[in-house]
**Q** 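Starting off with a structure, shown below.
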Amino acid sequence: MTNTPGAERPTTSGKDDTPLEEARLRQQAIGVKLRHMFDQVVNEPVPDEFLDILRRADEKNAGGKA
């Protein structure tokens, strides 16, 4: 006997599990796409304008503390 999810409960027909399996596959596909999109965003370069803003903020903070 294998230890797979759902193996403990007997089913009378495969029809009862079909909507659950479809929902599980949909959720899995959404998760894969979200991870892919997140990886793309993380790997994007930081825009120069944003780096300039951060640089100016660092200089302002360093100037006020000195």
Side-chain angles (χ1 to χ4, degrees):
M1 182 174 196
T2 60
N3 191 10
T4 58
E8 299 84 27
R9 59 186 163 107
T11 57
T12 55
S13 69
K15 280 186 174 180
D16 294 341
D17 291 339
T18 302
L20 289 175
E21 184 63 26
E22 287 176 4
R24 211 173 290 131
L25 289 173
R26 250 184 270 122
Q27 287 178 342
Q28 215 172 16
I30 290 169
V32 168
K33 288 185 184 221
L34 284 173
R35 279 194 277 305
H36 180 70
M37 288 173 56
F38 179 78
D39 288 342
Q40 285 179 327
V41 170
V42 166
N43 291 322
E44 285 183 9
V46 178
D48 290 336
E49 296 87 10
F50 189 71
L51 291 174
D52 289 339
I53 292 170
L54 291 174
R55 202 172 299 119
R56 281 185 274 157
D58 284 344
E59 289 171 358
K60 187 176 183 180
N61 287 337
K65 292 181 181 177

**Q** For the CG atom of D58 and the CD1 atom of I53, what is their distance to the nearest 0.5 Å?
**A**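 The CG atom of D58 sits 12.0 Å away from the CD1 atom of I53.
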**Q** Is there side-chain contact between V32 and H36, with heavy atoms separated by less than 4.5 Å?
**A**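 When only atoms from C-beta onward are counted, H36 and V32 do not touch, as no gap falls below 4.5 Å.
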**Q** Applying salt bridge (Lys or Arg N to Asp or Glu O under 4.0 Å), name anything that partners R56, two or more places apart in sequence or on another chain.
**A**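 Counting only residues at least two positions away or on another chain, R56 forms no salt bridge (Lys or Arg N to Asp or Glu O under 4.0 Å).
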**Q** Tracing side-chain links under 4.5 Å among I, L, V, M, F, W and Y, which residues wind up in one group with V46?
**A**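 In the cluster with V46 are F50, L51, L54.
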**Q** How long is the span from the CD atom in Q28 to the NZ atom in K33, to the nearest 0.5 Å?
**A**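 Q28 CD to K33 NZ: 13.0 Å, rounded to 0.5 Å.
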**Q** For the pair V41 and M37, evaluate side chain to side chain contact (heavy atoms under 4.5 Å, CB included) and give the outcome as yes or no after the intermediate values.
**A** CA-CA 6 Å; V41 170; M37 288 173 56; 5.7 Å; no
**Q** Regarding D52 and R55, does a basic nitrogen lie under 4.0 Å from an acidic carboxylate oxygen?
**A**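 Looking at D52 and R55, the cut-off is met.
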**Q** Can you tell me how far apart CG (D39) and CG (L34) are? Round to the nearest 0.5 Å.
**A**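 Here the rounded value is 11.0 Å.
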